[in-house]
There are 2 protein chains.
Amino acid sequence: MAHATGKKQGDPMRAVDTIRPLSPIQSECPNCAFLEWGWPANLTAGESRNVYDLVTHQQPIAQGNFLYQAGLPLASLHVISSGFLKTSLGDQEGRNQVTGFCMTGELVGMDAIGIGKHISDTVALEASRVCGMRYADLTDLGRRIPAMQHHFHRVLGAELARDQGIMLLLGVMNAQERVAMFLLNLSARFAAHGYSASRFRLPMTRAEIGSYLGLKLETVSRALSHLHDQKMILINGKDVELKSVPDLRRMIGQHGSPNAHSLLAVTPAL
Amino acid sequence: MAHATGKKQGDPMRAVDTIRPLSPIQSECPNCAFLEWGWPANLTAGESRNVYDLVTHQQPIAQGNFLYQAGLPLASLHVISSGFLKTSLGDQEGRNQVTGFCMTGELVGMDAIGIGKHISDTVALEASRVCGMRYADLTDLGRRIPAMQHHFHRVLGAELARDQGIMLLLGVMNAQERVAMFLLNLSARFAAHGYSASRFRLPMTRAEIGSYLGLKLETVSRALSHLHDQKMILINGKDVELKSVPDLRRMIGQHGSPNAHSLLAVTPAL
DNA sequence: CGTAGGTTTGAATTGGGTCAATACAGGTGG
DNA sequence: CCACCTGTATTGACCCAATTCAAACCTACG
């Protein structure tokens, strides 16, 4: 009853598995989803060079290990080059609320920008790798390249919009709608990074989904089973297949709200 | 059943009551809560001058009128110099979800930073006045004065933290805890702007509070009555007096979560 | 003074929570 | 290789907090 999310999360003190400085050539970050991150298109060659140089290190994170924890000072933002993480608030007596999931190609660490310290924990749900760039370098570069600054603000703003969408979800939707929304959101984000939009794996537990959606794990399980019975999805453990995206969307549209779709549009590819 | 928040909100097309350009001297914005907004302290005289010059216009907004509506392009951010506004999402077939309340001295309009268009509506709950500054000017100034840029990022980050706090509230708290949290949050913000922390007026309806907290108006009313019965508050219509802040805090601490207090700490004075 | 919107309060209903039992998958060690 | 064990998932039965429906009461304002 004590631990909500269970799972031995490695040694909390050993947040970083290995830090590997990059050679100049490596800083191009080949095969890294960082390249997919939507940088401003109209950069000069020299400016692009600067952007690549932002990445100071790569870092693998074993399943269950922290990328960072609440309270740590903001040093770097990270782009996930592979893997799947979750961010959560709380956790100081066994309680915690999941506030987001981050997949390959997405940016994490922005929770610290307000006060300069992280307010949430970020843990790898599976073996992952991230590319780190110093926050200070990012703002410096923004000052030199207005397009970069603008882009960075857009990313922050998109995160704001995402949170508002979740507030909407938590405020007005019932259990089934929340779960449907969750699946559609994941689907859009997987698609945005080149994976299948209709078949994917849920790397997190039902309890984590529930925490994120403001539901209990049993309710999540029931909602998934119900969607399965209605032929909208196929669910088998952590493997999902969306059978009818239109039906799922319709379900949200009804009670959800007119702009529920905006939650889906918002930062699918952040 | 159609309109959730009711109230005739003026003519939607007539969002702006009057736009009054500022004379140089007026741009100092005397008596304006804008001055209270937490600018970086270590600015030179010239830099301060630039900050004041950011404000391009003042603008009164009659009760029920819009400051801006969803879909409008981002032009300016506004500091509320007096009054009380609410922001809400949705509203396109009569539905809407309140996402925040803004009081004197706070900054509004950041919802548009992501995509360059406002995603929410902002309406005056009482006759208000705002000071506007162009978003472009703000970012330009940030480029010239690093401390300004840093400050602006902090403000954005604080907004992110605020939203996460609300996600927590909507995800894990029961009705009484939500209402208690709401009152404590308002109290902290009123205090931060020089008003009484223990006695204030709620300028919004029960329905709007409910929408914000993910509850029905009757539930809000009952929760307030219950807090009244428990001698934690005095409530009489829209007038509240907090009788025991410690008790209110304790109530949140129990089931809420260890870092629930962080929601109270977060951007009380934003 | 009358009306409309807002608030409070009561009674009935229900969606999701809680408790509990069972099933299942993956890893460990004999 | 199999038995075991632990964490996870599913499903059922019951319960409760919040919603829904409804009525009465305020209070602000034309």
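As a whole-Å value, the separation of K216(A) NZ from dT10(D) C1' is 18 Å. Atom CG in L217(A) sits roughly 10 Å away from atom P in dT10(D) (whole-Å rounding). Regarding D229(A), its CG atom lies at a distance of 15 Å from the C1' atom of dG12(D), rounded to whole Å. Distance, L227(A) CG to dT11(D) P: 13 Å, rounded to whole Å. Separating the CE atom of M204(B) from the P atom of dG6(C) is a distance of 14 Å, rounded to the nearest angstrom. One atom, CD of E208(A), and another, C1' of dA9(D), lie 14 Å apart when rounded to the nearest Å. In this structure, R222(A) atom CZ and dC19(C) atom P are separated by 13 Å, rounded to whole Å. Put simply, CG on D239(B) is 14 Å from C1' on dA28(D), counting in whole angstrom units.
Note: F101(B) and Y212(B) have perpendicular aromatic rings, judged against thresholds of 30 and 60 degrees for the angle between ring planes.
For Y195(A) and F200(A), the distance between ring centers is not under 6.0 angstrom.
Considering every non-hydrogen atom in both S120(B) and L89(B), the closest pair reads CB-CD2, 4.0 Å.
Backbone-only contact: G214(B) has heavy atoms under 4.0 Å from sugar-phosphate atoms and none from a base.
For the salt bridge (Lys or Arg N to Asp or Glu O under 4.0 Å) with D247(A), the qualifying choice from K243(A), R250(A), R249(A) is R250(A), the only one to do so.
Listed nucleotides: dT7(C), dA9(D), dT9(C). Nearest to the side chain of K238(A): dA9(D). When distances are taken from the side chain of S221(B) to each of dT8(D), dG17(C), dT8(C), the shortest belongs to dT8(C). Considering only side-chain atoms of T219(B), the nucleotide from dT18(C), dT19(D), dA18(D) that sits closest is dT19(D). Of the candidate nucleotides dT8(C), dT8(D), dG6(C), dT8(C) has the atom lying nearest to any side-chain atom of S225(B). Considering only side-chain atoms of E218(B), the nucleotide from dA22(D), dT19(D), dG17(C) that sits closest is dA22(D). Which of dT9(C), dT10(D), dG17(C) sits closest to the side chain of R206(A) comes down to dT10(D).
Put simply, the side chain of S198(B) never gets that close to the backbone of L242(B): no donor and acceptor are under 3.5 Å apart.
When each of L224(A) and N236(B) is assigned the nucleotide of DNA chain D with its nearest heavy atom, L224(A) is the one assigned upstream, toward the 5' end.
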